[in-house]
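This report refers to the structure that appears directly beneath it.
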Amino acid sequence: MKTKREFAPVDEQLAYLRKGVAEIIPEPELKAKLEQSAKTGTPLRAYLGVDPTAPDLHLGHTVVLRKLKHFQDLGHTAVFLIGDFSAMIGDPTGVSETRPPLTREQVDANARTYLEQVYKILDREKTEVRYNSEWLGKMSAEEIVRLCSHYRLARMLEREDFRSRLDRNLPISVHELLYPLLTAYDAVSLHSDVELGATEQKFNLLVHREIQREYGLPGQAILTMPILVGLDGQRKMSKSYGNYIGITEAPREMFGKLMSISDELMWSYYELLTDFTERVILRLKDEVRTGVLHPMEAKMQLAHYIIANFHGEDAGRAARDEFQRVFRERQAPDEAPERRIPRGEPRRLVAVLVETGLAPSRSEAERLIKQGGVEIDGARIADIKQEIDCSQPATHLLRAGKKKFLRLVIE
RNA sequence: GGACGGGUGGGUGAGUGGCUAAAACCAGCAGACUGUAAAUCUGCCGCUCCUUGCGAGCUACGGAGGUUCGAAUCCUCCCCCGUCCA
């Protein structure tokens, strides 16, 4: 009962899809699929599988999501696959050790929060959401054995993750070998035409394609996106490295973090996290190079753009203004988290810092003060025995380190 | 099942009886410099207490016991990982 759809010319589609992509395997095949789709008026099924291993998505995840959205923009079917089953195995990709499998409860909770976040990018109405427990959870031992028979151990061990662990005498659990095979069954079940993933997923995606053919289906085309480098400018953005920007983070946090990336890294963020065209980005680059545009200005524009994407234009502008005021003009932040404490005896600053969460321990708080990282109402405190007068109502602005502010209200 | 090697702080990894809260490096934090950049430099980097001192106490080298004035270091048992043989 599908109505025949109209699609943009294939070359136009390809150009749009190619933007920012690392690799298309094989490109002629994708092109053929697009042509076929245009001819029959049938949208392609493009999918992205994500394991809900953490409660929140970060910008790194959005790189591929954006690409999936591009398929959606072109009228194809975007399938967002939640790997609720596979998450319990854990993807061995890029991992140097077996990780503990997640429990059903953790996975479910994560899956719920994922979806809400995903809709900040994908069109809620047009997205097909699937869970791989739908089919993987129902597989019989027999079916699993059959699935496994379609792949060879030597091929499996070709992959870098396993190879290097083997070489370094690190453990590899057998269930990890199952990961690419079970997720391949996703591709089989979904009848996908295209699968998206980060470059590090290439091995998995290729296995998926192969297994599809083993099951008598046309192999899907593969489209990989570059890895987004994290805030440290070195490693991929990842929660476990702590170098990430979560998409649910407050605009101000996001802004600060984005501004802390290096000028060099900024360009890859432009490339992978905005919809600016290649041409526009090149022009910006050129303006910075020739001194027409200050790099900081370019970075603020980037931060503003990204935040507006997730939180709306007003939030983007507000974050930018706030940043200007606090860090460039060194004024008090517009709003800081507030903490109320009752009136009473004078309190040790050290104790207050710990209580309010500005420092994790007294030792740490003491260190912070000694190193000149603590200010009360703009005045640096050097005395670790400093006390705060709590005898009458007052409000103080505490600053601990570069970024932590807190408004202390004595009631 | 047998033989052998290994498990140290967030990570890598030194340390084989006291000089070790544990080298070095990385990460992290603070300060300086700046554009809250990056790079660089300086310092810090288990916890608690105070008389804030090159101070005191507590906790820490897979787990549990033991030897010793004293153990990450020696012994016993256990757990975990790897290699080779079967």
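Naming convention: chains lettered A, B, ... in sequence-line order (proteins, then strands); numbering from 1 in each chain. Just so you know, these numbers use all the heavy atoms, side chains as well, and skip hydrogens, waters and symmetry mates. Just so we're clear, the structure is a prediction, and the values are computed from it rather than from any experiment.
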inquiry  = Taking A/L44's backbone N and O only, do any of them form a donor-acceptor pair with A/H76's side chain (distance below 3.5 Å, no angle check)?
reply    = yes
query = Should B/rU52 form a Watson-Crick or G-U wobble pair with both distances under 3.5 Å, which nucleotide is its partner?
reply = none
message = Whole angstroms only, please: what is the CZ-P distance between A/F405 and B/rU36?
response = 12 Å
task = State the pairing partner of B/rG46; accept Watson-Crick or G-U wobble contacts with both distances under 3.5 Å, and report none otherwise.
result = B/rC58
ask   = So what does A/I384 hit on the nucleic acid, given a heavy-atom distance under 4.0 Å: a base, only sugar-phosphate, or nothing?
value = base
query = side chain to side chain donor-acceptor pair (under 3.5 Å): which pairs involve residues 365-376 of chain A, sequence neighbours left out?
reply = A/R330-A/E375, A/E364-A/R367
remark   = In whole angstroms, the gap separating C1' of B/rC29 from CG of A/L358 amounts to 14 Å
task = Round to a whole Å and report the spacing from CG of A/L368 to P of B/rG43.
result = 18 Å
message = Heavy atoms only, 4.0 Å cut-off, all strands: where does A/E366 land among base, sugar-phosphate and nothing?
response = base
key: C1' atoms of B/rC84 and B/rA14, separation to the nearest Å   = 28 Å
task = Determine: side-chain N/O of A/K385 to OP1/OP2 of B/rU52, distance under 4.0 Å, yes or no.
result = yes
ask   = A/D232 has an atom CG; how far is it from atom C1' of B/rG11, in whole Å?
value = 14 Å
message = Taking 4.0 Å as the cut-off, does a side-chain nitrogen or oxygen of A/R367 come that near to OP1 or OP2 on B/rC47?
response = yes
task = Using only side-chain N and O atoms of A/S361, determine if any of them is under 4.0 Å from OP1 or OP2 of B/rU48.
result = yes
inquiry  = Does A/G401 reach a base, just sugar-phosphate, or nothing at all? Heavy atoms under 4.0 Å.
reply    = sugar-phosphate
key: Between P of B/rU36 and CD of A/E322, the distance in whole Å   = 14 Å
key: Chi angles and distances behind the salt bridge (charged side-chain N to carboxylate O under 4.0 Å, His left out) call for A/E195, A/R209   = CA-CA 9 Å; A/E195 182 173 3; A/R209 175 175 150 92; over 6 Å; no
query = Side chain of A/R235: nearest nucleotide among B/rA27, B/rU52, B/rU36?
reply = B/rA27
Integer angstrom distance from the C1' of B/rG62 to that of B/rC79 = 7 Å
inquiry  = Return the pairing partner of B/rA14 with a 3.5 Å limit on both distances, Watson-Crick or G-U wobble; otherwise return none.
reply    = none
query = Would you say B/rC49 has OP1 or OP2 under 4.0 Å from some side-chain N or O of A/R362?
reply = yes
ask   = Only one of A/Q13, A/K69, A/E12 forms a side chain to side chain contact (heavy atoms under 4.5 Å, CB included) with A/L74, so which one is it?
value = A/Q13
query = Between A/L59 and A/K257, is any pair of side-chain heavy atoms under 4.5 Å apart?
reply = no
key: Complementary nucleotide of B/rA86, counting Watson-Crick and G-U pairs under 3.5 Å   = none
query = Does OP1 or OP2 of B/rA32 have a side-chain N or O of A/R380 closer than 4.0 Å?
reply = yes
task = State the CG-NZ distance between A/L57 and A/K120, to the nearest 0.5 angstrom.
result = 10.5 Å
key: Separation of the P atoms in B/rC26 and B/rC44, to the nearest angstrom   = 15 Å
key: Atom C1', compared across B/rG28 and B/rG65: separation rounded to whole Å   = 37 Å
key: Between B/rC61 and B/rU8 - P atom distance, rounded Å   = 11 Å
task = Can you tell me, in whole Å, how much space there is between the P of B/rG6 and that of B/rU76?
result = 15 Å
key: A/Y16 and A/D73: side chain donor to acceptor below 3.5 Å   = yes
request  = Using atom NZ of A/K257 as one end and atom C1' of B/rA38 as the other, report the distance to the nearest whole Å.
outcome  = 18 Å
ask   = Among all residues two or more places apart in sequence or in another chain, which pass the salt bridge (Lys or Arg N to Asp or Glu O under 4.0 Å) test with A/E142?
value = A/R146
message = When you measure only distances, ignoring hydrogens and angles, does the side chain of A/Q371 come within 3.5 Å of the base of B/rG43 through a donor and an acceptor?
response = yes
task = To the nearest Å, give me how far apart CD (A/E375) and C1' (B/rG31) are.
result = 12 Å
query = 5'-most contact on RNA chain B: A/E364 or A/H294, nearest heavy atom basis?
reply = A/E364
Student check: side-chain heavy atoms of A/Y215 and A/Y185 closer than 4.5 Å = yes
query = More 5' along RNA chain B: A/A400 or A/R252, using each one's nearest nucleotide?
reply = A/A400
Every protein N/O lying under 3.5 Å from an N/O of nucleotides 79-86 of chain B:
| unit_1 | atom_1 | unit_2 | atom_2 | d |
| --- | --- | --- | --- | --- |
| B/rG82 | O2' | A/N169 | ND2 | 3.4 |

key: For atom CE of A/M296 and atom C1' of B/rU36, their distance in whole Å   = 10 Å
ask   = Mind checking the P distance from B/rA27 to B/rA39? Whole angstroms is fine.
value = 9 Å
key: Lys/Arg N to Asp/Glu carboxylate O, A/D275 vs A/R66, below 4.0 Å   = yes
query = With both distances kept under 3.5 Å, what pairs with B/rA32, Watson-Crick or G-U wobble?
reply = B/rU40
C1' gap between B/rC50 and B/rG57, integer Å = 11 Å
